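Here's the structure we're looking at; comments come further down.
For ligands, and for the atoms within them, numbers begin at 1 and follow the listed sequence. Quantities reported herein were computed from a predicted structural model and do not represent experimental measurements. Heavy atoms only: backbone and side chains are in, while hydrogens, waters and symmetry mates are out.
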Amino acid sequence: MNLAAGIPVIAIDGPSGSGKGTVARSVAEELGWHLLDSGALYRLVAVEAVNKGVALDDGAALAKLAAGLDLRFTSAADGGERILLAGQDVTAEVRSEEAGRGASAVAGIEAVRAALLGRQQAFRVAPGLVADGRDMGTQVFADALLKVFLTATPKERAKRRHKQLNDKGIDVSLAAVSRDIVGRDKRDSERSVAPLRPADDARLLDSSGKPIDEVVQIVLDWVSSI
Ligand code: C5P
């Protein structure tokens, strides 16, 4: 018997900068449910590949690395997230633009996705899970209770991402962030394995011009209406 099947999942998918990470975190906090930031797993594979000198197109070596990742998500004393790889704090590396680009490259390799599938599904623990990514509703949790596909205009997404990076003290131009977002969207939507697209039964939510609290409330209203 698959005990996890009865545990509710809210899948929040969408392109980079749509706000899905922030929305997923707030919804999970409000409900007291667990959180899966699936992008962080792909980013960790890219970070570990660079650390171990594995090429980002060596599918077999990357899949092995993905299967053996010794990772832990935790929080710091200030409440901020901490990502540990073999006990080492790699939060800053994982959140870097370089890791984002590397993640997008390794995410196109089927063997890597297969190696990460079970790890992602293992986050489905009572009382429930909020999972954010690109294929939560289409592949990983196809039986999710609620599927949200969060979008925003490319201009707004670039502006948000730019602000996030500036707040972290990373000096990068808006034009460079914008180019990166457009490139990543294209790669994520056009790849043959698990391309970025809304599940047939997903509810579309455009967050352009909406404060994050309003977007969170819309999702919570949807949850209570189910
Ligand atoms: O969401 P985040 O920016 O952390 O994701 C980094 C990259 O990982 C994405 O651009 C995408 O290529 C990949 N990804 C994926 N499937 C997921 C989550 C992320 O392919 N479920």
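Grouped by direct or indirect side-chain proximity (heavy atoms under 4.5 Å, Ile/Leu/Val/Met/Phe/Trp/Tyr only), Val182 sits alone.
Asp188 and Ser104 are linked by a side-chain donor-acceptor pair at a separation below 3.5 angstrom, with hydrogens and angles left out of the test. Between Arg119 and Ser38, the side chains place no donor N or O within less than 3.5 Å of an acceptor N or O (distance only, hydrogens not considered).
Salt-bridge annotation for Asp13 and Arg134: absent, with no side-chain N of the basic residue lying under 4.0 Å from a carboxylate O of the acidic one.
For a heavy-atom separation below 4.0 Å, the residues in contact with ligand 1 are Lys20, Ser38, Gly39, Tyr42, Arg43, Ala103, Ser104, Ala107, Arg113, Gly133, Arg134, Asp135, Met136, Arg184, Asp188, Arg191.
Using a 4.5 Å heavy-atom threshold, the side chains of Ile109 and Leu62 count as touching.
Between the side chain of His34 and the backbone N or O of Ala126, at least one donor-acceptor pair lies under 3.5 Å.
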